[in-house]
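Some notes on the structure that comes next.
Numbered from 1 within each chain, the chains take letters A, B, ... in sequence-line order. Hydrogens, waters and symmetry mates play no part in the numbers below; they use all other heavy atoms, side chains included.
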Amino acid sequence: MQDLPDDTPFNDAAARPQAPSGIAARAMAARGGENRAPDYLRGLNPEQRQAVETTEGPVLVLAGAGTGKTRVLTTRIAHILATGRAYPSQILAVTFTNKAAREMKQRIGLLVGEQVEGMPWLGTFHSIGVKMLRRHAELAGLRSDFTILDTDDQIRLIKQIIQAEGLDDKRWPARQFAQMIDGWKNKGLGPSEIPEGDARAFANGKGRELYRAYQDRLTTLNACDFGDLLCHPIRIFKQHHDVLAEYQRKFRYILVDEYQDTNTAQYMWLRLLAQRPKEGNRPGGRGLSPLEGEMAGRPEGVLSEGTTKAPSIAEPPPPGRIASGHPPLKGEGKATVNICCVGDDDQSIYGWRGAEVDNILRFENDFPGATVIRLERNYRSTAHILGAASHLIAHNESRLGKTLFTEAPDPDDGKVVVHAAWDSEEEARAIGDEIEALQTKGHALNDMAILVRASFQMREFEDRFVTLGLNYRVIGGPRFYERQEIRDAMAYLRVVAQPADDLAFERIVNVPKRGLGEAAVRQVHDTARALRVPMLEAAGTLAESDELKPKPRAALRQLAAQFARWQELLETTPHTELAEIILDESGYTEMWKNDRSAEAPGRLENLKELIRSMEEYESLRAFLEHVALVMDAEQNEELDAVSIMTLHSAKGLEFETVFLPGWEEGLFPHQRALDEGGRSGLEEERRLAYVGVTRAKRNLHIWFVSNRRIHGLWQSTIPSRFLDELPEAHVEVAEGGTSYGGYGNPYGSGRGGGFGDAGRRNPYGASRFDSLGSPSGGYSARGDQGGAAGRSFSNTYATPGWQRAQQNRTEATDRNWGTRSGHQVERIGYGETDSGYGAGRGSVKGRVIEGELVAKSVADTPSRFNVGDRVFHQKFGNGNIASIEGNKLTIDFDKAGQKKVLDGFVNAV
DNA sequence: CGCGCTTCTTTTTTT
DNA sequence: AAGAAGCGCG
């Protein structure tokens, strides 16, 4: 091991191995005899083992869902350590989420012993970014105690800047600009590097100026936003080759999890680090020197050998976007770059925040000579679930293509079940019942999860579970650290720890009320700008002058004095104690004690919780950093509870039983993804569906409803196209038997006359996707696994329920074009009791109307109703129309009061 | 300056 | 439907 590079550039104790023999010795102890494979390699399949043992050179592991990706990563690290190839501090291992980082740490710990703490460079892109940036803050014009702004701060700051430019912040929303900045930073672009078109797109061409002003302001605030955590290091690396070289020398092995989710900035950051250090290269050698132009600034065009063609799967970049394709660095193929990226293009679901699937599709070009290993043996799911997932994802065109398989399908395994419900309330009720039933049969709640497309869907389940008394756990939902009282408290702490944090100061100057209104705050602000000092300091100055009226002046003086005192205490008092003092003396706790509202006690409780959680951190600073980066409070692991989360946060997890509600057009695939992302947006949605399906180990239930409330209006919906893309062989429709009710709409049809139209029109109506890209059916030749499973779900579907659904669609389509006028309600058994469902089974008729089409097609035709008409609504009963706007009716219901309802949902009485 | 009433927007996904 | 922002009054 004497040839390990010197570790001295990084002198902190944590970065050094605690005892040279520690990890390696332990891991080696785990080995058997000379010729036997070490223990940790046992049980790996050949591909996994290859991925672990190919330590040298670039490696891409394409790991399908449930193929043991994390196991490969962790074992690989253990292997590198065990064979003495590197110290823990010489391995850079990046993940996307804190959860993933935590899990990896823990699993490596199991393999190798306790010294994982000696792996200082295992973490998320962002946490590693901060770590680097703190070391070299001055190179980015910051002090090392800079604060990290969250989205909320960021938007407030941008708003100020927009106003300061004299622009109308209504016309140019800060939120939107924040997203643009995010987008630029995702590509690693600074103010001078953004494309002209982008710069012009905002605020009459002031985009670039505003961006620059924003960055300047961040510097004076000694703060940075999320994007900067990567952009600053990138810039530093490019400008200070010595700094970069230190890291390059340091990291012998680089591992990247979820590579398909990397964005351009992360890619650049990785590429810089993956270079060989300059030393050892001949002067003028091809190693590093041309970095400057090579990475960001360089447009497409000059490609080095081997990349004359873009990968054929890549779509042409949409107009306005930076052309994809980062040319590989010259000559880098010649150096050994021990980088191992693990990912699955089929699980790329973060395109909306700048992830470039291209990064993974292009890996072999980027790193010539790369070993590509496919993991296709799935250890997680039943053959049915896997079959459903594979068939679904085969509809995507942009993919590398993998075929997952599992061994020994079990004939006892159930198929994937598709359920229909009347509305989201019933959906929640039925899923709740199903969960209770499973629980009674002995299933643990911890083994079940509900995965939703959008977080607003969670609420209905929470409501239902509360009334059922069913334990649940919301993951990634409304976050603890985003609550008002927590943010206020944090703002106090931030000002104490980092007096230049004007945003935090502004947040709490007048909380609790101190008689410092807008006028006074503005004055502090202006003074601060004029004197070029932080607002807190300006407040002190101002309090000693006579520029303010006595009342605010006194208030400011007191506040300034208090902060001065707290800052002194910072050195001497334990941080939890200090936090209590601050909240007390500032009157913040008092404020909530005096608050008579219902939430106040909860807020006080949260404040206590905040203080408690601070105990785990060694200093106030450490705590603040944790909150900024993690934004997530620990969950109670002990409790047996159903998990509720979004599909996005479910990636990487698995459950025995999974419920996927809300498979309806417009929600999933989400309308906005379709509108903004077009075809690739649809494909990303499909990957999301794939992620959802592949979370399930044994049981999978997919739901769709025919009515959903969106923005307070009831909309009717049609089943998601993804349902049609499931293979018949692996899917069954729950019908009657489960008796959750039916599938229809309030005004039912009654007349069968329209059925003859079936098949004449695409059930999806004039879907705008028909004309975009692949003709429907074009995909079936591609990824099908053959056999019955290869047949499409939709047309061959034979159950009465499904046929009815098809008819319903056709009818619905007809109705939207005004050719029919259905009236009476035929749906039986809908209501508060369950008793009717079984009986109603055969009687459930009705149709589904595509919500969007209703909204659009009816909006520009006059409503068929008049003010004053007496109407009936399935949910609200009888009422009179109070007013009409397009297709939206305001109705005074006899019992339910005044409601706004879509025209399509009521019938004349 | 602060409070309360009104109107308007919002919801896709997250480090 | 609900929360935020805006407006007008005391």
Nearest-Å distance for atom pair [atom1]/[atom2], residues [X] and [N]:
| X | N | atom1 | atom2 | answer |
| --- | --- | --- | --- | --- |
| A/Arg102 | B/dT15 | CZ | C1' | 13 Å |
| A/Asp423 | C/dA1 | CG | P | 14 Å |
| A/Glu625 | B/dT15 | CD | C1' | 14 Å |
| A/His232 | B/dT15 | NE2 | P | 21 Å |
| A/Arg708 | B/dT11 | CZ | P | 17 Å |
| A/Arg175 | B/dT10 | CZ | C1' | 9 Å |
| A/Ile710 | C/dA1 | CD1 | P | 14 Å |

Which nucleotide wins on minimum distance to the side chain of [X], given the candidates [options]?
| X | options | answer |
| --- | --- | --- |
| A/Asn510 | B/dT14, C/dA2, B/dG2 | B/dG2 |
| A/Arg709 | C/dA1, B/dT13, B/dC3 | C/dA1 |
| A/Arg672 | B/dT15, B/dT14, B/dT11 | B/dT11 |
| A/Thr97 | B/dT11, B/dT15, B/dT13 | B/dT15 |

Which part of the nucleic acid, if any, lies within contact of [X], taking any heavy atom under 4.0 Å across all strands shown: a base, the sugar-phosphate backbone alone, or nothing?
| X | value |
| --- | --- |
| A/Lys551 | nothing |
| A/Tyr350 | sugar-phosphate |
| A/Phe96 | sugar-phosphate |

| request: Check whether more than 12 heavy atoms from other residues, nucleotides or ligands sit under 6.0 Å from atom CD of A/Gln163, and answer yes or no. | output: yes
| task | Would you confirm whether the ring centroid of A/Trp352 sits within less than 6.0 angstrom of the ring centroid of A/Tyr350? | result | yes
| message | Is it the case that the ring center of A/Trp703 lies less than 6.0 angstrom away from the ring center of A/Phe659? | response |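 Ring centroids of A/Phe659 and A/Trp703 are no less than 6.0 Å from each other.
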| If we ignore angles and hydrogens, is there a donor and acceptor under 3.5 Å between the side chains of A/Gln260 and A/Glu356? |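 No, no side-chain donor-acceptor pair sits under 3.5 Å.
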